[in-house]
Amino acid sequence: MKKLYKNIFVILFFSSFSLFAQTYSYDDLRNSVFQNHPELLKLQEEYERSLLDVKDAKAGLGPSIDLEVSGTYLLNPPVDAIYLNVDDVLNAIQWPGESKPASTGQYVKIYDGMENTLYNFGLKLTQPVWTWGKITNAIKLYQKIADIKEIQILSKQQEIEIELETRLVTLTYLQQILQILEEEKTYADRMVEVSEHAEKTGMLLHQDVVDARIQAKQLEMVQIEINEQIVNQLLELERITGIEKLSINEIDFEIDEQWFEELLTKDRTELEKNALSQNQLSIKMLDDLKEVNELAVKISKGYENWKPDFAVQMSAGYGGSRFPLVEPNWLRKDEYSANISIGMKTTVWDGGKKLNDIARKKSEAATTDVNKLDARSTIKKTLASKLNEADLCSIKIEYQDLKIESAQAKIKQKETVYNSGYGSETDLLSAKIDCCNETIEKLKQQLQRAVACMTIDYLSK
C-alpha cells in the first residue's frame, strides 16, 4: 500500500510540474521573432537612421548659424601707455606778447596702454535663397528612401512569418515521421530476431538474415538523420526567437491540412492578379526606388554648369580687451561690426562631370524599370511553379492513401493467415514495414505541399 501511495505521489508530482511547464503558442513565437530576429532588428535601425537623414535634409532649408569665440592673454602687450608733454602743448600755442607761460616739465597720461586680455567674438548666419530645387528634392529623396526602409521592414516581417510557419510545420512533420520510424524499427528488430531463429532451424538462408539486419540498420541511420534535422530546426528557432534551450515539447502548434486544400481551390487567375498587384510590397518597393532615381536626376540637374546657388550671409563681430558691453565706452571705441552679404556660387566648367552624372542617374532610373519587369516575371513564374508543385503533391497524397489502404488490407490478410497457422511472421512484419514506409512517404508529400502552399500564400497576399 505504501508503494502504491508513493507511485501515485510521483505521478501527481510530475503531472503538476507539466502543468506549470512553459509552452509557446504560434502567436508567442511570432511576437518573439518580431522582437529578436537579427535581420529585422538591423532593418529597424536602418529605418531610424533614414529618418535622421530626412531631418538633416529639412534642416538645409533653414539657416546655419556659426559662433566663433577666442580669448587671448598677452604677456607683453604691444601698445604701452601714452603720455603727453604739457610743455609741448603750451609751446604749440601762439601766446600774445610776453605772456608765454614758463616751462612746467609735467606729463599727462592720455592712454593707459593695451590690456593683457584680448577677446574676439564672431556670429555668422548663412541662409540659402535659391538652389535650383536641390534642397527640396533632397528632402523628397530621403523621405522616399525612408519609405523604402519601412517597406523593407514590413516585407521582412512577412518573410520571417513564413520562415517561422515553415519551420514549425517541418518540425511537426519530422516528429510524426520519427514516430513512424520508431514503430517501423520495432518491426525491423523483430524481423531480425525471427530471421536469426529461422536460420538456426534451416528455414532461411544467411543472406536473408543479412538483408533483415541491413534494413534495420538503414532505419537506424534514417532515425539519426531525422533527429539531426529536428535539432537543426530547433536551433534555428532559438536563433530567430531569442528563446534559449527551446524544446519540441514546449511548442504548441497544430497543422491545418484543410487550409492547404482550401487554398488550392481558389481561383488561380485571382491569385496571380494579387501576386502582381501594385500593392505588393516588392512591386511597391521598386516603384519607390524608381522615384528615388528620378529625384536623383533632378538633383543632378541642379548642379549643371552655369546654374548658380544664391545665399544671404549676415555676420556680427566684436574684438576688444574685455567682453562686449562690459568694456567702458565700448560703443565709442567702435570695436564691433555688422555685415550683410549676398553670395553666389556656380560651376563654370568641370570637364563634363556634371553631365556624366546626370546621364548616370538616368541610366539607373531606366534600370529600375527593367528590374520591375524582371521581378514581375519572377513572381509569376514562382507562383505557377508552386501551384503545380502543390497540385502534384495533392495527387501523390491521394496516391499514397490508396497504397496505405492496400498495405493495411495486406496486413489484415497476413494476420488472418498467420493466426490460422499457415503464414509466417516475417511476411506479416514485411507488410507492416511496407505500410510504415507508405505512411512516411505520405508525410513527406504533405510537408512538401505545405511549404509550397505557404509560399503561394506569401506571394498572393
Side-chain angles (χ1 to χ4, degrees), residues 30-31 33-62 131-166 239-240 271-303 354 356-383 454-461:
R30 178 178 176 273
N31 294 333
V33 167
F34 284 170
Q35 295 174 2
N36 299 288
H37 198 286
E39 295 182 14
L40 184 60
L41 294 177
K42 291 178 184 178
L43 288 175
Q44 289 172 346
E45 292 299 326
E46 290 179 6
Y47 175 64
E48 293 297 328
R49 291 196 294 269
S50 67
L51 293 179
L52 295 176
D53 292 336
V54 174
K55 292 181 179 179
D56 289 343
K58 289 181 178 179
L61 290 173
T131 62
W132 300 93
K134 289 194 288 289
I135 296 177
T136 54
N137 287 326
I139 295 173
K140 296 176 183 178
L141 184 144
Y142 283 112
Q143 183 60 61
K144 191 59 65 175
I145 291 176
D147 294 340
I148 292 175
K149 296 295 182 183
E150 188 175 13
I151 293 175
Q152 286 179 336
I153 292 176
L154 297 175
S155 178
K156 177 56 66 174
Q157 287 178 343
Q158 290 185 357
E159 288 180 13
I160 61 180
E161 250 186 315
I162 294 298
E163 179 186 0
L164 176 62
E165 292 175 2
T166 302
R239 184 184 70 85
I240 65 177
L271 290 175
E272 181 178 327
K273 181 180 178 182
N274 293 336
L276 301 177
S277 170
Q278 292 296 119
N279 295 326
Q280 277 290 335
L281 294 179
S282 56
I283 303 296
K284 184 173 176 54
M285 193 185 305
L286 289 172
D287 289 337
D288 288 347
L289 186 59
K290 180 181 178 180
E291 291 186 33
V292 168
N293 290 327
E294 291 174 348
L295 288 169
V297 172
K298 292 181 180 179
I299 293 173
S300 298
K301 288 182 177 180
Y303 286 100
K354 298 291 190 301
N356 293 336
D357 188 56
I358 294 172
R360 190 179 297 109
K361 294 295 189 296
K362 289 181 178 179
S363 176
E364 292 175 358
T367 303
T368 307
D369 291 331
V370 177
N371 292 335
K372 182 178 178 180
L373 292 174
D374 184 58
R376 291 172 63 88
S377 177
T378 302
I379 292 172
K380 185 176 180 180
K381 179 181 177 181
T382 304
L383 179 63
M454 287 186 288
T455 305
I456 293 168
D457 182 61
Y458 168 70
L459 293 173
S460 59
K461 276 186 177 179

A.B. asks: With a 4.0 Å cut-off, would you call Asp53 and Arg49 a salt bridge?
C.D. replies: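 Not counted as a salt bridge, because no side-chain N and carboxylate O are separated by less than 4.0 Å.
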A.B. asks: Tell me, please, which residues at least two apart from Asp369 pass side chain to side chain contact (heavy atoms under 4.5 Å, CB included).
C.D. replies: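 Only Lys290 meet the side chain to side chain contact (heavy atoms under 4.5 Å, CB included) criterion with Asp369.
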A.B. asks: Could you check whether any side-chain N or O of Arg30 sits under 3.5 Å from a backbone N or O of Glu161, counting only pairs where one atom can act as donor and the other as acceptor?
C.D. replies: no
A.B. asks: Taking all non-hydrogen atoms of both residues, which atom of Val54 and which atom of Ala146 are closest, and how far apart?
C.D. replies: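 It is CG2-CB, 4.3 Å.
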A.B. asks: Could you grab the distance from atom CD of Glu150 to atom OG of Ser155, nearest 0.5 Å is fine?
C.D. replies: 12.5 Å
A.B. asks: Ile379 and Leu276: side chain to side chain contact (heavy atoms under 4.5 Å, CB included), yes or no, with the steps?
C.D. replies: CA-CA 7 Å; Ile379 292 172; Leu276 301 177; 4.1 Å; yes
A.B. asks: So Lys298 and Lys301, do their side chains get closer than 4.5 Å, heavy atoms only?
C.D. replies: no
A.B. asks: Less than 4.5 Å apart, side chain to side chain, heavy atoms only: is that true for Asp288 and Met285?
C.D. replies: no
A.B. asks: To the nearest 0.5 Å, tell me how far Glu291 CD sits from Lys144 NZ.
C.D. replies: 4.0 Å
A.B. asks: How long is the span from the CD atom in Gln143 to the CD1 atom in Ile139, to the nearest 0.5 Å?
C.D. replies: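 Rounded to the nearest 0.5 Å, the CD-CD1 separation comes to 9.5 Å.
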A.B. asks: Give a yes or no on whether Gln158 atom CD has more than 12 heavy-atom contacts from other residues, nucleotides or ligands under 6.0 Å away.
C.D. replies: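 Yes, the 6.0 Å shell around CD holds more than 12 heavy atoms from other groups.
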A.B. asks: When rounded to the nearest 0.5 angstrom, what distance separates CG in Asn274 from CG in Asn279?
C.D. replies: 9.5 Å
A.B. asks: Apply side chain to side chain contact (heavy atoms under 4.5 Å, CB included) to Asp457 and Lys461, showing your working.
C.D. replies: CA-CA 6 Å; Asp457 182 61; Lys461 276 186 177 179; 3.1 Å; yes
A.B. asks: Between Asp287 and Lys372, what is the shortest heavy-atom contact and its length?
C.D. replies: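 Taking every non-hydrogen atom into account, OD1-NZ, 2.7 Å.
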A.B. asks: How far apart are the C-alpha atoms of Asp357 and Arg360, what are their side-chain angles, what is the distance that settles it, and do they pass the salt bridge (Lys or Arg N to Asp or Glu O under 4.0 Å) test?
C.D. replies: CA-CA 5 Å; Asp357 188 56; Arg360 190 179 297 109; 3.3 Å; yes
A.B. asks: Can you tell me if Thr136 uses its side chain to pair, donor with acceptor, with the backbone of Gly133 under 3.5 Å?
C.D. replies: yes
A.B. asks: Would the number of heavy atoms belonging to other residues, nucleotides or ligands and lying under 6.0 Å from NZ of Lys361 be above 12?
C.D. replies: yes
A.B. asks: Could you pull out the closest heavy-atom pair between Lys149 and Glu46, with the gap in Å?
C.D. replies: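 Lys149 and Glu46 have their closest heavy atoms at NZ-OE1, 3.3 Å.
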A.B. asks: Can you name the side chain to side chain contact (heavy atoms under 4.5 Å, CB included) partners of Leu40, sequence neighbours left out?
C.D. replies: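 Result, side chain to side chain contact (heavy atoms under 4.5 Å, CB included) vs Leu40: Phe34, His37, Gln44, Ile153, Lys156, Gln157, Ile160.
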A.B. asks: Evaluate the side chain to side chain contact (heavy atoms under 4.5 Å, CB included) criterion for residues Leu141 and Asn137: first the C-alpha distance (whole Å), next the side-chain angles of each, then the deciding distance (0.1 Å), finally the verdict.
C.D. replies: CA-CA 6 Å; Leu141 184 144; Asn137 287 326; over 6 Å; no
A.B. asks: Within a reach of under 6.0 Å around NZ of Lys273, are more than 12 heavy atoms found that belong to other residues, nucleotides or ligands?
C.D. replies: no
A.B. asks: Going from CE on Met454 to CG on Leu164, what distance comes out if it is rounded to the nearest 0.5 angstrom?
C.D. replies: 10.0 Å
A.B. asks: Of all residues at least two apart in sequence or in a different chain, which pass the side chain to side chain contact (heavy atoms under 4.5 Å, CB included) check with Asn293?
C.D. replies: Leu289, Glu364, Ala365, Thr368
A.B. asks: Identify the heavy atoms of Ile151 and Leu281 that sit nearest to each other, and give their distance.
C.D. replies: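 Reported closest heavy-atom pair: CG2-O, 3.6 Å.
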A.B. asks: Report yes if the side chains of Tyr458 and Glu159 come closer than 4.5 Å at any heavy-atom pair, otherwise no.
C.D. replies: yes
A.B. asks: Using only atom types and a distance under 3.5 Å, with no angle test, would you say the side chain of Asp374 pairs donor to acceptor with the backbone of Val370?
C.D. replies: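 No: the side chain of Asp374 does not pair with the backbone of Val370.
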A.B. asks: Distance check, rounded to the nearest 0.5 Å: Ser300 atom OG versus Lys134 atom NZ?
C.D. replies: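 It comes to 10.5 Å.
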A.B. asks: Quick one: closest heavy-atom pair of Tyr142 and Ala57, and the distance?
C.D. replies: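 That would be CD1-CB, 3.8 Å.
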A.B. asks: Which atoms form the tightest heavy-atom contact between Gln280 and Ala275, and what is the distance?
C.D. replies: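 Shortest heavy-atom contact: CG-O, 3.1 Å.
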A.B. asks: Spell out, as yes or no, whether a donor-acceptor pair under 3.5 Å connects the side chain of Ser377 to the backbone of Leu373.
C.D. replies: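 No; judged by distance alone, with no hydrogens or angles, the pair does not exist.
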